[in-house]
Structure formats: structure tokens, C-alpha cells
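This structure is a prediction, so every number in the text was calculated from the model and none was measured.
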Amino acid sequence: MKSVEITRTTVLVLDACNTLSFAAAVDPMRAANRQAGRMLFDWRFATPDDRPVRLTSGLEVPAAPLNRVERCDLLLIVAGFDLDRQSTPALNASLRRLAGSRTTVAGIDGGPWVMARAGLLDGHGATTHWEDLDRFAQCFPQVDLVNARYHVSGDRITSGGAAPAIEMMLHLIGARHGAALAAKIAGSFIYDATAAATRPQTRRGAGPRHSPLTARAQAIMERALDDPKPIAAIARDLGQSPRALQLLFRARLGTTPQGHYLSLRLAEAQRLVTQTDRPLQEVALATGFASQSSFARAYRHAFGGSARQARRGQ
């Protein structure tokens, strides 16, 4: 039997990372070993320092400092929140040391931020979670940022979140051990891997009711939340008449393009209100409302209370 090289893998887990992202990194490797009937991936967990880390679900990973890892073939970085505190000079030095030994480095969710802070993405293309695309571009102008589900740039791979991380891991497994094995793993997860890696992330999942045209229309809308594009212009971009687009949205989504566009803007407004400290006037402008009063009316109608009440947690 032909010998198969084992991929020695280190999974760096940071405090307050998403449990689903953690599972998306590890379980495809377990499935690869099981489906192949032999060890293809041998992984060990690592932590930023000598303290255990706790995932958002409360699951705890015992301390296993990264600086004790001498080498690995694949380094997976799973991160979520509180990255400024955790991206210490010591951690960055360990990451640069490992990356310099012909190691493939992949970041999931907040992982691209950790990679960029260590300088591992300089001159590379990369993606991150859609919530952070603008801020990431401002913080790391030396990185060629793309809006994609996951992105491969040589031996640097980045994923925007948990679901794309499964696709990223299937890509890694397929590249090393063949597309047939990757397909078997996807089937064992009952995972329909139909989304292309380069498909832009959306603020709302495409959903089973979307058609290719309504999904493309939504992507156009999401690129212009601050300055809403006329529906007629969107239809023209799609090679449709406004009437045809109206009928398609009614049939597939049960709403009008205008109504869907407004719901996207308000969903983003709610995120900015509840998850950032940006002034409400800035939130209104960032989501395409010309006046504070029109924003206040729309927000109250959609969510049953004012933006100020939502920010106070009432």
C-alpha cells in the first residue's frame, strides 16, 4: 500500500472563539481519518500562553502554549473576540516562527486578524467576516482584502466564518488527498457544498427561497446600504425589467425588492446600534436614511422600540 504523508497540524484556539468555528476546523480532519481508514491528519491544540482558553459556549481548552510547538505542516487559527488583548508580541513572534518553516497557515473567523497582526498576510489576498471587512481594510492596507467565503493565497488561507470554514477544510483535504475523499466527508456531514469560495458573503444567508437573480440583487443591495440604489438601476444591472424583478421577488421571497432592500438596511442598522458605539446619526447615514427622524420611524416600526432603547438594552 502506498504510504500517505500525515499532515501534522496545530490548532491554535484563542479565548472567546465561536464553538461552531472550532468544530468546523477540527471535525473535517477527524472525518478524513475515518473515511480514509488511516491517519491523514494528526492534530494538537495550542493556546496563546500557559492559561486555558474558554469558548463562547463555555467549553474549555487546557493550556498548551504555542511557543512550545517546534514545527507543524498546517497551522489553523480559530479566533473570535477580544483579539487586541490576545495578539501579544510573544504570540506574534511564535506565529512568525512557525510560518517561516514552510507551514500552511489558515485563519477562521477572527483568525485572519491574528494573522494580519503578526504580519503573515502582508502581500497576500485575504478575507474576514463581513461585519469587519471595512475595518480590516483600514487596519491592514498591506493586505489585498476580498469579500469571499474563504480565500486561498499561496500557503495563506482565510475564512470569513464557521460555515465557510467547513468549505475551506474540504478544500484543504481535497488538495492533499483528492476530491473524492472531500466529497465523501461532505456527504457524511449531509453538507451540500454548492457555494463557490469566491462568492461574496452576505449579511443574510442566501436562503433556500432565493433564485440566482434575487441573490445577485441582494448582493448589489448590500454593497450600497449607505446610498440605496434605485430598483430600476438594479434591474438594469441584472438585465431585467423592473416589473420582472418585482414579480420574481414576490414569487421567491414574498416581498418587493424595495421591502427586501429596506429589511437589509434595517438589519444592518440594528447591528450597528446594538454592537457598536457609533453615534445614531452616523448609523442612520450608514444605512441610507437621509434624516434622523426617518431613521427613527423606520427603526421603531421594524423592531417595536427606539434605537436609543435598544442601545440601553431596554
Side-chain angles (χ1 to χ4, degrees), residues 9-18 20-22 24-25 45-49 53 55-56 61 65-67 69 71-169 171-172 197-203 271 275-276 278:
T9 305
T10 297
V11 184
L12 173 63
V13 188
L14 273 70
D15 211 33
C17 78
N18 186 310
L20 190 57
S21 296
F22 174 78
F45 297 117
T47 54
D49 52 35
V53 298
L55 279 58
T56 52
V61 177
L66 185 67
N67 62 16
V69 177
R71 66 169 297 276
C72 57
D73 304 310
L74 174 63
L75 173 61
L76 300 174
I77 303 172
V78 189
F81 301 98
D82 197 18
L83 301 180
D84 290 335
R85 175 182 63 82
Q86 298 183 80
S87 293
T88 62
L91 179 64
N92 292 340
S94 292
L95 290 171
R96 286 192 290 268
R97 173 178 57 81
L98 289 171
S101 59
R102 300 174 65 182
T103 298
T104 297
V105 185
I108 298 171
D109 203 352
W113 287 81
V114 179
M115 295 170 67
R117 286 193 169 106
L120 304 189
L121 293 177
D122 290 0
H124 284 275
T127 192
T128 190
H129 193 280
W130 63 261
E131 290 184 346
D132 300 320
L133 287 169
D134 290 342
R135 190 161 64 92
F136 191 98
Q138 293 171 2
C139 291
F140 307 111
Q142 69 276 26
V143 179
D144 182 15
L145 185 66
V146 295
N147 180 1
R149 295 178 64 79
Y150 70 92
H151 186 76
V152 180
S153 179
D155 57 3
R156 301 290 184 265
I157 309 176
T158 47
S159 167
I166 297 175
E167 298 155 17
M168 181 192 80
M169 292 303 298
H171 166 82
L172 279 166
T198 55
R199 193 182 79 186
Q201 299 173 46
T202 60
R203 286 165 169 78
R271 184 186 74 83
Q275 299 182 29
T276 77
R278 293 177 64 174

Measure the shortest side-chain to side-chain distance between [X] and [Y] over non-hydrogen atoms and say whether it is less than 4.5 angstrom.
{"X": "Gln86", "Y": "Trp113", "answer": "no"}
{"X": "Arg96", "Y": "Leu120", "answer": "yes"}
{"X": "Leu121", "Y": "Thr158", "answer": "yes"}
{"X": "Leu75", "Y": "Thr9", "answer": "no"}
{"X": "Leu76", "Y": "Leu12", "answer": "no"}
{"X": "Val114", "Y": "Leu83", "answer": "yes"}
{"X": "Phe140", "Y": "Arg117", "answer": "yes"}
{"X": "Glu131", "Y": "Leu133", "answer": "no"}

Which pair of non-hydrogen atoms, one from [X] and one from [Y], has the smallest distance, and what is that distance?
{"X": "Gly111", "Y": "Ala79", "value": "N-CB, 3.7 Å"}
{"X": "Phe45", "Y": "Val61", "value": "CB-CG1, 4.2 Å"}
{"X": "Ala24", "Y": "Ala162", "value": "CB-O, 3.5 Å"}
{"X": "Ala126", "Y": "Val143", "value": "CB-CG1, 3.7 Å"}
{"X": "Gly161", "Y": "Ser159", "value": "O-OG, 3.0 Å"}
{"X": "Ala106", "Y": "Met115", "value": "C-SD, 3.9 Å"}

**Message:** Could you work out, with ring-ring contact (aromatic ring centres under 6.0 Å, His included) as the rule, every residue matching His171, not counting sequence neighbours?
**Reply:** Tyr150
For the [atom1] atom of [X] and the [atom2] atom of [Y], what is their distance to the nearest 0.5 Å?
{"X": "Ile166", "Y": "Leu20", "atom1": "CD1", "atom2": "CG", "result": "6.5 Å"}
{"X": "Leu66", "Y": "Asn92", "atom1": "CG", "atom2": "CG", "result": "10.5 Å"}
{"X": "Thr128", "Y": "Leu145", "atom1": "OG1", "atom2": "CG", "result": "7.5 Å"}
{"X": "Ile77", "Y": "Cys17", "atom1": "CD1", "atom2": "SG", "result": "12.0 Å"}
{"X": "Asp49", "Y": "Asn67", "atom1": "CG", "atom2": "CG", "result": "9.0 Å"}
{"X": "Leu172", "Y": "Glu167", "atom1": "CG", "atom2": "CD", "result": "12.5 Å"}

**Asked** Do His151 and Thr127 meet the criterion of a side-chain donor-acceptor pair at a distance under 3.5 Å?
**Response** no
**Prompt:** Any donor-acceptor pair under 3.5 Å linking the side chain of His124 with the backbone of Ser153?
**Reply:** yes
**Request:** Assess whether side-chain contact (heavy atoms from CB on, under 4.5 Å) is satisfied between Leu55 and Asn18, documenting all intermediate values.
**Result:** CA-CA 6 Å; Leu55 279 58; Asn18 186 310; over 6 Å; no
**Request:** Using a strict 4.0 Å threshold on nitrogen-to-oxygen distance, state whether Arg85 and Asp15 make a salt bridge.
**Result:** yes
**Asked** Checking side-chain contact (heavy atoms from CB on, under 4.5 Å) for the pair Leu98/Val69: CA distance, chi angles, key distance, verdict?
**Response** CA-CA 8 Å; Leu98 289 171; Val69 177; 4.1 Å; yes
**Asked** Are Met168 and Ile108 close enough, and set up right, to give a side-chain contact (heavy atoms from CB on, under 4.5 Å), and what steps lead you there?
**Response** CA-CA 9 Å; Met168 181 192 80; Ile108 298 171; 3.8 Å; yes
**Item:** Stepwise side-chain contact (heavy atoms from CB on, under 4.5 Å) test for Val78 and Val11
**Value:** CA-CA 7 Å; Val78 189; Val11 184; 4.1 Å; yes
